[in-house]
Each structure stands twice: as C-alpha cells, then as structure tokens.
Amino acid sequence: MEWNQIPLGPLQTNCYVLSNENKACLIFDPGEESAKLSSFLKQKWLKPLAIVLTHAHFDHIGAVDDIREEFGIPVYIHEKEAEWLPDPALNGSHLFKVGKLIKAKPADHIITGEKELSIGEFTFTILETPGHSPGSISLYFKDAELVVAGDALFNGSIGRTDLPGGNHQQLLDSIHAKLLTLPEETEVLPGHGPATTVGQEMDSNPFLNGF
C-alpha cells in the first residue's frame, strides 16, 4: 500500500490518499481545494472507492461534496458528528469565519463503535479517539503499519481541545489507550504537519512525557 499526503486549504489540512497496486484508493479528510485533489487522483490514474472522515471540523470537509460527486463515491463519518457536516455552527466554519460557511451533504455511511471495516480491497480498524472532538476516529491499517490519526496526535504535539466538544483529559486517554498501544514502528499520519511514528511520540512528545 502507498500513501500520499496532500495539504489542502488555508490551514494546510492533510488529506491522505491510500492506494494499492490495483490503483484503488481511499481518501481521508479532503479539506479544501477539490480541483487540486482531483488533479492528483487523475494524474496517478487512481480509482477512489470512498471518503473516510476522521472528524467533521470545517478544515477537514471542505472538498467532500465536490469529490464525492465527481467520482460517485460514498462518505463515512462517526455517528457523533454525522450532524456536523451540513451545519456550520457545529463544524466550526461559523465560529472561525473562514471566508465562507462550510457545508456538506449528509454522509452515506455512519460509523458506530470500534470495528473492522472493509471497503473494496481495503480492511482497517476503526479506533474511537475522542478529545479533539466527540466523534474523532483513527483508522489503523495493521498490514501497512500505519494509522490515520486526524487531529488526535501530531508530530511533537496533540490536538487542540478548546473547541466545542473538546476535552483535554479525554484526548490524553484516547492517545494513551488507542494509539500508544499500537506497535512502535506504526507510522502516524496526522491531520496537520509531518508524519511521525508511535515510538517517536512515546519517546519525545512533550505533551505525553510522563503520561
């Protein structure tokens, strides 16, 4: 499996495209600049199967409808943030006044609980990692040794918890119980900034030191 990181939008939110040898791919968090993302997919001759959202903050969902409609693919989101997609007051675009209100149509599939999920040829584990937001999830690909962590865990940092529904202790608990228990060589693909590994964050993340 190959992954590509594509920073999109004014906050340079990381969209990830995970693809296999058959050119099938999954798209995670298409935050903005749908034309840029579409161009990348076409240049690589990729065949998108679905959009999976780690959470529904505005900077992670801005290109959802354009990409969904262009490629005719479904959208997956956790049940606790299903209502956030069409509501700027919930997804934060109203609060941050980013120039336009961000809205997306309802998701096609609602994720409930932690489970193994298969989409086409891809199989991964849903990990509930709330704290940054109530419905934040991380997607763990065991065979590929990587986890798409959204805004839970960053390279040298953790997600902010001062937004509505955020909880600092809950986020630390999520990271400790769900992410730091993964094999240390697991690559962590965060919602902003460079990738890291579980082991690196265990050793050097100042927000987790001594936790």
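On a predicted model such as this, the values are computed, not experimentally measured, just so you know.
- Between G62 and I102, the shortest heavy-atom distance links the atoms CA-CG2, 3.9 Å.
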Evaluation steps, side-chain contact (heavy atoms from CB on, under 4.5 Å), between T13 and H57: CA-CA 11 Å; T13 302; H57 280 148; over 6 Å; no
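- Among residues two or more places apart in sequence or in another chain, the salt bridge (charged side-chain N to carboxylate O under 4.0 Å, His left out) test is passed with D143 by none.
- Remark: F28 CZ to L18 CG distance equals 5.0 Å, nearest 0.5 Å.
- Annotation for G159 and L171: closest pair O-CD2, 3.2 Å, computed over non-hydrogen atoms.
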Kindly determine whether S39 and Q43 satisfy side chain to side chain donor-acceptor pair (under 3.5 Å), including the steps that lead there. CA-CA 6 Å; S39 177; Q43 288 175 4; 3.1 Å; yes
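- Side chains of T196 and E201: a donor-acceptor N/O pair is present below 3.5 angstrom, by distance only.
- Closest approach of S133 to E81, counting heavy atoms only: OG-OE2, 2.6 Å.
- Heavy atoms of other residues, nucleotides or ligands lying less than 6.0 angstrom from NE2 of H168 number 12 at most.
- Contact between L37 and P30 at its shortest, heavy atoms only, is CD2-CB, 3.7 Å.
- Within the model, atoms CH2 of W3 and CZ of F141 stand 13.0 Å from one another, a figure rounded to the nearest 0.5 Å.
- Contact check on K42 versus E70 returns a salt bridge, with a Lys/Arg side-chain nitrogen under 4.0 Å from an Asp/Glu carboxylate oxygen.
- Nearest approach of W45 to K23, heavy atoms of both residues: O-CB, 3.5 Å.
- A distance of 12.0 Å separates CZ of R68 from CD1 of I27, quoted to the nearest 0.5 Å.
- The closest side-chain donor-acceptor pair between D29 and T54 falls under 3.5 angstrom.
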One pair to check against side-chain contact (heavy atoms from CB on, under 4.5 Å): L46 and V17. What are the steps and the verdict? CA-CA 9 Å; L46 295 175; V17 177; 3.7 Å; yes
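- A centroid separation of 6.0 Å or more is found between the aromatic rings of F124 and Y140.
- The CG atom of L41 sits 11.0 Å away from the OG atom of S34 when rounded to the nearest 0.5 Å.
- Residues satisfying the ring-ring contact (aromatic ring centres under 6.0 Å, His included) criterion with Y76, sequence neighbours excluded, are H109.
- The side chain to side chain contact (heavy atoms under 4.5 Å, CB included) search around P206 returns none, not counting sequence neighbours.
- Checking Q200 against S204 by side-chain atom types alone, no donor-acceptor pair falls below 3.5 Å.
- For the pair E114 and K178, the salt-bridge criterion is met [side-chain N within less than 4.0 Å of a carboxylate O].
- Salt-bridge check for E32 with K100: passed, with a basic side-chain N closer than 4.0 Å to an acidic carboxylate O.
- Taking the charged nitrogens against the carboxylate oxygens, D87 and K103 have no contact shorter than 4.0 Å, which rules out a salt bridge.
- In this structure, CG in L85 is found 5.0 Å from CD1 in I61, a value given to the nearest 0.5 Å.
- H55 and H60 have tilted rings, their planes meeting at an angle from 30° to 60° on a 0 to 90° scale.
- Partners of E69 according to the salt bridge (charged side-chain N to carboxylate O under 4.0 Å, His left out) rule, which considers only residues two or more places apart in sequence or in another chain, are K105.
- Among residues two or more places apart in sequence or in another chain, the side chain to side chain contact (heavy atoms under 4.5 Å, CB included) test is passed with D162 by R160.
- The NZ atom of K80 lies 12.0 Å from the CD1 atom of I137; values are rounded to the nearest 0.5 Å.
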Contacts table for residues 179-186: side-chain donor-acceptor under 3.5 angstrom, sequence neighbours left out:
unit_1	atom_1	unit_2	atom_2	d
T181	OG1	A177	O	2.9
T186	OG1	P183	O	2.7

Take T129 and S136 through the side chain to side chain donor-acceptor pair (under 3.5 Å) test and state the conclusion after the steps. CA-CA 5 Å; T129 49; S136 286; 5.6 Å; no
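- The two residues T161 and G131 come nearest to each other via the heavy atoms CG2-O, 3.6 Å.
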Verdict with reasoning, I111 to E79, per side-chain contact (heavy atoms from CB on, under 4.5 Å): CA-CA 6 Å; I111 295 170; E79 61 178 337; over 6 Å; no
Checking H78 against E128 for the side chain to side chain donor-acceptor pair (under 3.5 Å) test, could you report, in this order, the C-alpha distance in whole Å, the side-chain angles of both residues, the deciding distance, and whether it holds? CA-CA 9 Å; H78 191 275; E128 294 181 317; 2.7 Å; yes
